[in-house]
Amino acid sequence: MRTLVIGDLHSGLKALKQVLTRAHVAPGDHLVFLGDYVDGWSDAVNTVNFLLKLRSTHKCTFIRGNHDELCNDWLKSGDHNPLWLQHGGSATQNSYEQVGDEIKKAHIQFYDNLENYLIDTENRLYIHAGFTNLRGVSHEYFTKTFYWDRTLWELALSIDPSLTEKDEYYPQRLTHYREIFIGHTPVTRIGRTTPKNAANIWNVDTGAAFKGPLTIMDVDSKQYWQSDPVYLFYPSEMGRN
């Protein structure tokens, strides 16, 4: 059984289907999705419907992303953050306007039951964004940090590569887990479209909401598979570009 980690989808269902095929995903594989299932392309409802069906045939862990919470808040209250609409929320709203209350209720339940993080048997942490408490995720005071923080990735990128965990100046935050897998901050911001390793962190958000592909990575071998650039599947749409 492989453990496969999947970067931010942002409603790119067509790309997800392609990359699942390219990775030869089997029912015995454990699929860990890092969050942000919606907000970007036009397939928001179809993406969540697909994930609900996928978990009936495969072992899936669904991590909570910040865009998932924003969508869930809107579905429950009808209120929305104007910034959300500018960052993919409009496409999500349009998608949900085409379905009835039964589907919306099922999706609210999906969003409510997302995990804030996963720690596997090999002490690998899977989390959408990061954490700030020096003692690790179990000591975090503000759970929103798990899907909003960007300082963990910023910290990893800034570390002197010559430092080791035994060095007195090595960041304590990074000492608790063998490896950390994140999304949230697309690596396209640093000019990449492939997974990026910094310290013991792997960022697998390869910019599916923008001009990049969607990525699946085997956490043991670090082999990865990618879809075509996601925007090519939605030629008449802007995504979050």
Looking only at non-hydrogen atoms, find the nearest pair between [X] and [Y] and report the distance.
X: Thr143; Y: Tyr147; result: O-CE2, 3.6 Å
X: Met1; Y: His30; result: CG-N, 4.0 Å
X: Pro235; Y: Leu232; result: CD-O, 3.7 Å
X: Ser227; Y: Pro213; result: O-CB, 3.1 Å
X: Gln226; Y: Arg22; result: O-NH1, 2.9 Å
X: His184; Y: Asp149; result: CD2-O, 3.2 Å

With the side chain counted from C-beta on, respond yes when [X] and [Y] share a heavy-atom pair under 4.5 Å apart, and no when they do not.
X: Leu152; Y: Phe131; result: yes
X: Thr215; Y: Trp225; result: no
X: His80; Y: Leu85; result: yes
X: Val187; Y: Thr193; result: no
X: Ile182; Y: Asp205; result: no
X: Phe33; Y: Leu16; result: yes
X: Glu140; Y: Phe146; result: yes
X: Lys211; Y: Asn241; result: yes

**Prompt:** Is there a side-chain contact (heavy atoms from CB on, under 4.5 Å) between Val25 and His58 once you walk through the steps?
**Reply:** CA-CA 9 Å; Val25 171; His58 294 70; 3.9 Å; yes

Taking [Y] as the starting point, is it possible to reach [X] by hopping between hydrophobic residues whose side chains are less than 4.5 Å apart?
X: Leu163; Y: Leu134; value: no
X: Phe210; Y: Leu9; value: no
X: Leu70; Y: Ile108; value: yes
X: Ile159; Y: Ile190; value: yes
X: Leu157; Y: Trp148; value: yes

Roughly how far apart are [X] [atom1] and [Y] [atom2], rounded to 0.5 Å?
X: Phe181; Y: Leu118; atom1: CZ; atom2: CG; value: 11.0 Å
X: Leu114; Y: Leu51; atom1: CG; atom2: CG; value: 9.5 Å
X: Arg178; Y: Ile119; atom1: CZ; atom2: CD1; value: 14.0 Å
X: Trp84; Y: Ser90; atom1: CH2; atom2: OG; value: 7.5 Å
X: Ile127; Y: Tyr177; atom1: CD1; atom2: OH; value: 7.5 Å
X: Lys17; Y: Leu20; atom1: NZ; atom2: CG; value: 10.0 Å

Check whether any side-chain N or O of [X] sits under 3.5 Å from a backbone N or O of [Y] as a donor-acceptor pair, and report yes or no.
X: Arg192; Y: Pro195; value: yes
X: Asp29; Y: Leu4; value: no
X: Asn133; Y: His139; value: yes
X: Asp8; Y: Ala208; value: no
X: Glu237; Y: Ser42; value: yes
X: His10; Y: Val38; value: yes
X: Gln223; Y: Met217; value: no
X: Asp68; Y: Asp36; value: yes
X: Asp167; Y: Thr164; value: no
X: Trp41; Y: Phe233; value: no

**Prompt:** side-chain contact (heavy atoms from CB on, under 4.5 Å) between Lys144 and Glu69: does it pass, once the steps are laid out?
**Reply:** CA-CA 9 Å; Lys144 288 182 182 294; Glu69 181 175 74; 3.0 Å; yes

**Prompt:** side chain to side chain donor-acceptor pair (under 3.5 Å): which pairs involve residues 104-120, sequence neighbours left out?
**Reply:** Asn49-His107, Arg64-Asn116, Asn72-Asp112, Lys76-Asp112, Tyr96-His107, Tyr96-Tyr111, Asp120-Arg124, Asp120-Tyr126

**Request:** Check each of Val230, Thr47, Val48, Leu214 against Leu13 using the side chain to side chain contact (heavy atoms under 4.5 Å, CB included) test, and report the only one that passes.
**Result:** Thr47

Do you see a donor-acceptor pair shorter than 3.5 Å between the side chains of [X] and [Y]?
X: Glu165; Y: Thr175; answer: no
X: His67; Y: Asp39; answer: yes
X: Trp74; Y: Asp79; answer: no

**Message:** Centroid separation under 6.0 Å, is that true for the rings of Phe62 and Phe110?
**Reply:** yes

**Message:** Please evaluate residues Ile216 and Tyr224 with respect to the criterion side-chain contact (heavy atoms from CB on, under 4.5 Å), reporting the C-alpha separation (whole Å), side-chain torsions for both, the decisive distance (0.1 Å), and the verdict.
**Reply:** CA-CA 6 Å; Ile216 294 180; Tyr224 62 87; over 6 Å; no

**Message:** Before you tell me yes or no, could you show the steps for Thr151 and Thr132 under side-chain contact (heavy atoms from CB on, under 4.5 Å), namely the whole-Å CA-CA distance, both residues' side-chain angles and the distance that decides it to 0.1 Å?
**Reply:** CA-CA 8 Å; Thr151 66; Thr132 60; 4.1 Å; yes

**Asked** Which ILVMFWY residues are connected to Phe142, directly or by a chain of links, through side-chain heavy atoms under 4.5 Å apart?
**Response** Tyr141

**Asked** Among all residues two or more places apart in sequence or in another chain, which pass the side-chain hydrogen bond (donor to acceptor under 3.5 Å, both in side chains) test with Tyr234?
**Response** Asp43

